[in-house]
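In the text below, chain A, chain B and the rest are named by the order of the sequence lines, each starting its count at 1. The model shown is predicted, which means the values in this text are computed figures rather than measured ones.
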Protein chains: 2
Amino acid sequence: MESRLANLESQASILEPDAAERRHLRDAVVSHAEEFLEGLEDRLAYVVTDHKGAGLSDMPIRETGRAIEDLLERWTHDVEVPGLNPASGGHLAYIPGGGIYPSSLGDYLAAITNRYAGVFFASPGAVRMENLMVRWMADIIGYPEGAGGDLSSGGSIANLTAIVTAREAKGVDSERVRRSVIYATEQVHHCVGKAIGIAGLKEAPVRRVAMDSRFRMEPEDLANQMDRDREDGLDPFLVVASGGTTDTGAVDPIGEIARVAKARDAWFHVDAAYGGFFVLTPEAPDPIRELHLADSVVLDPHKGLFLPYGSGALLVRDRELLYKAHRYDANYMRDTHRSREEPSPADHSPELTRHFRGLRLWLPLQLFGVAPFRACLSEKIWLTRYFYEKLHEIPHMELGPDPELSVCLFRHVPPGKDADAVNARLIEEIQSDGRVFLSSTHVNGNHWLRLAVLAFRTHRSTVDRALDVIRALVDKEARS
Amino acid sequence: MESRLANLESQASILEPDAAERRHLRDAVVSHAEEFLEGLEDRLAYVVTDHKGAGLSDMPIRETGRAIEDLLERWTHDVEVPGLNPASGGHLAYIPGGGIYPSSLGDYLAAITNRYAGVFFASPGAVRMENLMVRWMADIIGYPEGAGGDLSSGGSIANLTAIVTAREAKGVDSERVRRSVIYATEQVHHCVGKAIGIAGLKEAPVRRVAMDSRFRMEPEDLANQMDRDREDGLDPFLVVASGGTTDTGAVDPIGEIARVAKARDAWFHVDAAYGGFFVLTPEAPDPIRELHLADSVVLDPHKGLFLPYGSGALLVRDRELLYKAHRYDANYMRDTHRSREEPSPADHSPELTRHFRGLRLWLPLQLFGVAPFRACLSEKIWLTRYFYEKLHEIPHMELGPDPELSVCLFRHVPPGKDADAVNARLIEEIQSDGRVFLSSTHVNGNHWLRLAVLAFRTHRSTVDRALDVIRALVDKEARS
């Protein structure tokens with residue numbers, strides 16, 4: 001047996017490259033990444049390719065290894081080039097992403113040291129770091145002591161965790177699902193609908209609350225619908241508002257909705273994945289300062305703090321309710337229960353073992369301080385206002401509502417033409433041009449174009465470029 | 001407005017360090033990480049501290065930034081040192097983690113380039129890479145074409161996704177929950193119970209299926225219970241087996257259970273988060289080769305492929321069922337629906353935007369090839385057998401069942417002493433000694449110690465060290 005062990009150990013040793021081999025691998029990756037970053041200004045925001053990365057299949061996983069240089073070449077050709085470049089300031093579609101540099105170092109260090117941030121006993125420091133990040137976010141929205149939360153992979157799991165917490169807090173078991181009513185506008189993010197389904201609430205009635213002309217929830221209609229449902233013997237149990245809708249950037253009147261929901265004993269959740277961090281800016285609309293009135297709030301650091309993808313967050317006003325909905329015991333975890341000094345993330349999340357997400361957030365916030373994040377968010381709001389203003393100068397532009405945050409809706413309506421067809425053409429041409437990347441949506445039955453500013457690399461020159469692209473296409477349309 | 005924009009842009013520019021600043025930050029982190037790796041041999045697997053990382057609170061997030069050197073010092077003292085070191089080969093508790101080096105480079109590159117792997121239109125190459133990884137795992141367990149899956153943050157979300165898929169595939173709506181029966185042994189991982197709750201199935205009856213003396217599910221008892229429930233007007237809808245239990249490393253008889261479940265039209269799910277990748281070895285027990293008979297299987301690359309935490313995986317035999325349970329449309333995603341060439345992860349997962357998990361898996365598999373993973377897994381099995389054999393030589397050791405995979409149960413039962421108290425003392429002393437880290441569990445009402453070998457850095461010398469520690473403590477116990 002001893003010689004078999006020695007033999008296997010030697011074969012497995014490939015998995016542990018020594019310092020020189022690590023340097024070789026690291027130098028290759030680091031210099032590739034530096035080239036990527038230094039070349040960002042000249043890269044397109046969207047690249048159309050015929051192959052769409054199909055070449056990856058020509059390099060199957062096999063028994064023996066390959067050289068890092070060959071892998072990086074394949075990576076570049078098949079993954080880095082085709083499609084959308086979310087690291088680009090020209091990404092002005094959906095809700096743009098970011099990827100500030102220190103987070104990549106945080107992920108690197110987290111992967112090497114592999115701290116287990118799920119349970120206090122296993123890594124008290126890693127757990128404290130995650131809890132400090134939750135507390136910092138609770139502070140910026142104004143949650144009291146006693147609030148809790150969870151660092152998630154993104155808004156979807158954070159919203160799911162909120163909905164499960166609401167379901168448990170309000171005692172909605174399977175028997176009560178069909179009479180437990182959920183309220184939201186049709187502009188709520190689709191991950192909320194998805195989460196409702198995952199949480200086993202598919203048969204719960206979902207009411208579409210009316211919106212004002214700026215796509216914001218009407219609290220009066222909410223109150224009326226809740227009261228009517230109550231009279232009909234139903235249980236209004238959950239209201240979901242948006243702290244910045246994805247489609248139009250509208251901010252629901254959080255404070256008023258909170259009063260309506262509270263008076264009717266419903267859980268009030270706000271999906272502020274997109275807009276929540278604007279609370280750091282003086283420009284934020286009032287309702288963003290009222291997030292603390294909600295029972296739970298979702299924020300996405302991979303949106304509003306410009307982190308690379310993989311960082312959402314849930315905050316819950318009463319940590320105990322999050323805990324009750326998500327804790328679970330096991331025999332083989334018995335050693336871990338000795339210490340109760342600090343809440344363990346695994347007791348406040350659908351996850352147990354997971355990526356240590358605290359470090360990629362803590363490191364940039366500590367290195368840079370909050371000030372530049374604040375400034376960058378303000379800049380995004382002003383860039384959107386700037387774009388909106390400049391759009392007025394382009395002929396036959398129909399504009400959506402004044403941007404409250406950093407999303408702007410617009411459509412080109414040249415007289416005598418089918419506007420939907422024109423705008424469908426425009427977005428296709430913008431996307432294949434690729435210098436900037438915008439997206440489109442359907443609102444009130446019409447096809448609208450959207451500009452969303454949240455990439456930290458988007459600056460005035462980027463917005464000017466977007467305006468140039470749009471102007472040129474509008475001119476072309478006029479000549480056709 | 002122009003000067004305001006220029007001013008904000010300049011304040012925000014701190015978020016974009018230039019090449020020289022990046023090098024400064026990177027050099028500090030890289031040299032810290034190298035020191036960590038080079039010192040691993042001499043580090044304890046568990047470090048008891050009084051402070052438990054409390055000093056992190058002395059360094060709050062503030063408006064201005066801090067130096068990387070100060071942050072790394074704080075990190076080391078408060079996060080890296082206290083508690084368990086999962087990067088250590090001496091981590092022999094719970095299910096050990098790993099952290100092979102190329103994954104850290106994968107995470108680094110993923111964070112910088114920030115590809116969005118959720119939707120094919122956005123990043124066709126990143127999506128293909130994730131799909132190739134799913135397909136590779138489907139191949140190694142023997143799933144047919146038409147299988148699908150998802151790269152998750154870990155086993156918990158993967159199991160949740162499987163349970164939601166089963167619930168939808170079997171049409172268990174809220175009205176049917178109370179008569180839809182779930183079957184598992186009491187050794188199933190607790191994240192399955194947690195996922196059942198999250199999925200709104202808390203009122204579904206859960207039957208504890210009998211186990212043989214080696215903690216493996218008894219298919220006959222399963223069949224009997226299912227038939228009895230059917231006769232009683234209930235719907236047996238889900239059977240959950242384990243491809244390596246956490247507590248004892250037992251592998252349920254997958255093939256036989258599959259036949260029982262299939263004959264009764266129930267969904268058959270296997271949580272093989274711990275043991276699934278042993279399918280790569282010639283030593284794997286037969287049931288691990290029968291995983292392809294299940295409707296869905298969970299594997300954890302952050303366990304069996306030695307990746308850093310943050311990588312689980314779900315495989316589903318019929319991709320279409322996973323898709324039906326998790327897809328969802330939205331207006332603002334309309335541009336993304338043009339291309340249907342390749343399945344999009346966001347349609348097969350509770351998540352939408354998330355960490356690009358494909359690269360941290362693809363890079364090490366490509367760089368090293370499969371051979372060293374295979375050898376390393378075999379080594380883990382043989383190390384456990386070696387440990388088990390050597391335990392026989394220590395007086396008054398009661399041994400659990402022959403290890404099927406890489407978990408070994410044992411307890412010290414010196415005559416005339418309270419064995420539970422003795423073993424509680426032993427585990428405390430092993431953990432405060434810290435040279436190796438073992439855990440304990442309660443099985444059949446008794447306190448057992450566990451050795452689990454799955455860290456890729458665990459070799460014969462590590463197991464010898466564990467034996468030395470145990471021998472010394474047993475001697476001490478004999479003298480007391």
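Residue contact with chain B, scored on non-hydrogen atoms closer than 4.5 Å, involves the side chain of F36(A) exclusively. The contact between T113(A) and chain B is made by backbone and side chain atoms together, counting heavy-atom distances below 4.5 Å. The parts of N85(A) that come within reach of chain B are both its backbone and its side chain, each placing non-hydrogen atoms under 4.5 angstrom from that chain. Interface residue T353(B): backbone and side-chain heavy atoms are both found under 4.5 Å from chain A. If you measure heavy-atom distances from D78(A) to chain B, the contacts under 4.5 Å come from the backbone alone. Contacts of L71(B) with chain A are made by both backbone and side-chain atoms, with heavy-atom separations under 4.5 Å. Heavy-atom distances place the side chain of M1(B), and not its backbone, under 4.5 Å from chain A. With a 4.5 angstrom heavy-atom cutoff, H77(B) does not touch chain A via any of its atoms. Residue E389(B) touches chain A through its side chain alone, counting heavy-atom pairs closer than 4.5 Å. Proximity to chain A involves both the backbone and the side chain of Y108(B), based on heavy atoms less than 4.5 angstrom apart. In this structure, chain B has a heavy atom under 4.5 Å from the backbone of R62(A), while its side chain stays farther away. Both the backbone and the side chain of M59(A) come within contact range of chain B, with heavy atoms under 4.5 Å apart. Heavy atoms closer than 4.5 Å to chain A are found nowhere in P364(B), neither backbone nor side chain. Looking at A204(B), there are no atoms closer than 4.5 Å to chain A (heavy atoms on both sides), in backbone or side chain. Residue contact with chain A, scored on non-hydrogen atoms closer than 4.5 Å, involves the side chain of L359(B) exclusively. For chain A, the nearby parts of P82(B) are the backbone and the side chain; heavy atoms of each come within less than 4.5 Å. The parts of W382(A) that come within reach of chain B are both its backbone and its side chain, each placing non-hydrogen atoms under 4.5 angstrom from that chain. With a 4.5 Å cut-off on non-hydrogen atoms, A195(A) does not touch chain B at all. Interface remark: L160(A) contributes side-chain atoms only to the contact with chain B (heavy atom separation under 4.5 Å). Proximity to chain B involves both the backbone and the side chain of F368(A), based on heavy atoms less than 4.5 angstrom apart.
Scanning all heavy atoms of the two residues, the minimum distance from K194(B) to S349(A) falls at NZ-O, 2.6 Å. The two residues Y386(A) and E2(B) have their closest heavy-atom pair at CE1-OE2, 3.6 Å. When every heavy atom of A33(B) is checked against every heavy atom of L109(A), the shortest pair comes out as CB-CD1, 4.2 Å. Heavy atoms only, all atoms of each residue included: D107(B) and A111(A) are closest at OD2-CB, 4.0 Å. Between P350(A) and I198(B), the shortest heavy-atom distance links the atoms CB-CD1, 3.4 Å. Pairing each heavy atom of R167(B) with each of A199(A), the nearest pair is NH1-C, 4.2 Å.
Looking only at heavy-atom pairs under 4.5 Å with chain B, the residue among A371(A), G83(A), A87(A) that has the most is A371(A). For the options V370(B), L365(B), N114(B), L307(B), heavy-atom pairs under 4.5 Å to chain A are most numerous at N114(B). Chain B forms more heavy-atom pairs under 4.5 Å with one residue of H459(A), E38(A), Q11(A), R357(A) than with any other, namely H459(A). Comparing G310(A), A67(A), P86(A) by how many heavy-atom pairs each has under 4.5 Å with chain B, the most go to P86(A). Of the listed residues (P17(B), G193(B), G106(B), A126(B)), the greatest number of heavy-atom pairs within a distance under 4.5 Å of chain A belongs to G193(B). For chain B, the option among V164(A), T161(A), L25(A), L363(A) with the highest count of heavy-atom pairs below 4.5 Å is L25(A). Ranked by heavy-atom pairs under 4.5 Å with chain A, the list S311(B), G98(B), S57(B), S13(B) is led by G98(B). No other option in R360(B), K303(B), M133(B), R374(B) has as many heavy-atom pairs under 4.5 Å with chain A as R374(B). In terms of heavy-atom pairs under 4.5 angstrom with chain A, the leader among G97(B), A19(B), G154(B), S123(B) is A19(B). Taking chain A as the reference chain and counting heavy-atom pairs below 4.5 Å, the highest number among G312(B), A54(B), S10(B) is found for A54(B). By number of non-hydrogen pairs under 4.5 angstrom with chain B, the leading residue of S156(A), S174(A), S103(A) is S174(A). Heavy-atom pairs under 4.5 Å with chain B peak, among N7(A), L84(A), T49(A), at L84(A).
Salt-bridge check for E9(B) with R460(A): failed, with every basic side-chain N at 4.0 Å or more from each acidic carboxylate O. Salt bridge absent: R176(B) and E203(A) never bring a charged side-chain N and a carboxylate O closer than 4.0 Å. Contact check on R23(A) versus E34(B) returns no salt bridge, with no Lys/Arg side-chain nitrogen under 4.0 Å from an Asp/Glu carboxylate oxygen. The residues E168(B) and K202(A) are annotated as salt-bridged, a charged nitrogen and a carboxylate oxygen being separated by less than 4.0 angstrom.
For R26(B) and Y101(A), the side-chain atoms include at least one donor-acceptor pair closer than 3.5 Å.
Within the 4.5 Å cutoff, the side chain of L352(A) has heavy atoms near those of the H189(B) side chain. The shortest side-chain heavy-atom distance between H32(A) and L105(B) does not fall under the 4.5 Å cut-off.
To the nearest 0.5 Å, atom CD of residue Q366(A) and atom CD1 of residue I68(B) are 10.5 Å apart. Summarising the geometry, atom OG belonging to S378(B) is positioned 10.5 Å from atom CG belonging to L5(A); distances are rounded to the nearest 0.5 Å. Summarising the geometry, atom CG belonging to L37(A) is positioned 7.0 Å from atom CD belonging to E16(B); distances are rounded to the nearest 0.5 Å. Remark: L132(B) CG to L56(A) CG distance equals 6.0 Å, nearest 0.5 Å. The CD1 atom of I112(B) lies 10.0 Å from the CD atom of E80(A); values are rounded to the nearest 0.5 Å. The distance from atom CG of L8(A) to atom CG of L383(B), rounded to the nearest 0.5 Å, is 8.5 Å.
In this structure, the side chain of R128(A) engages the main chain of K52(B) through a donor-acceptor pair within 3.5 Å.
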side-chain contact (heavy atoms from CB on, under 4.5 Å) evaluation trace for H355(A) with R354(B): CA-CA 11 Å; H355(A) 185 202; R354(B) 64 185 190 184; over 6 Å; no

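By the ring-ring contact (aromatic ring centres under 6.0 Å, His included) test, Y309(B) pairs with Y116(A), H302(B), sequence neighbours left out.
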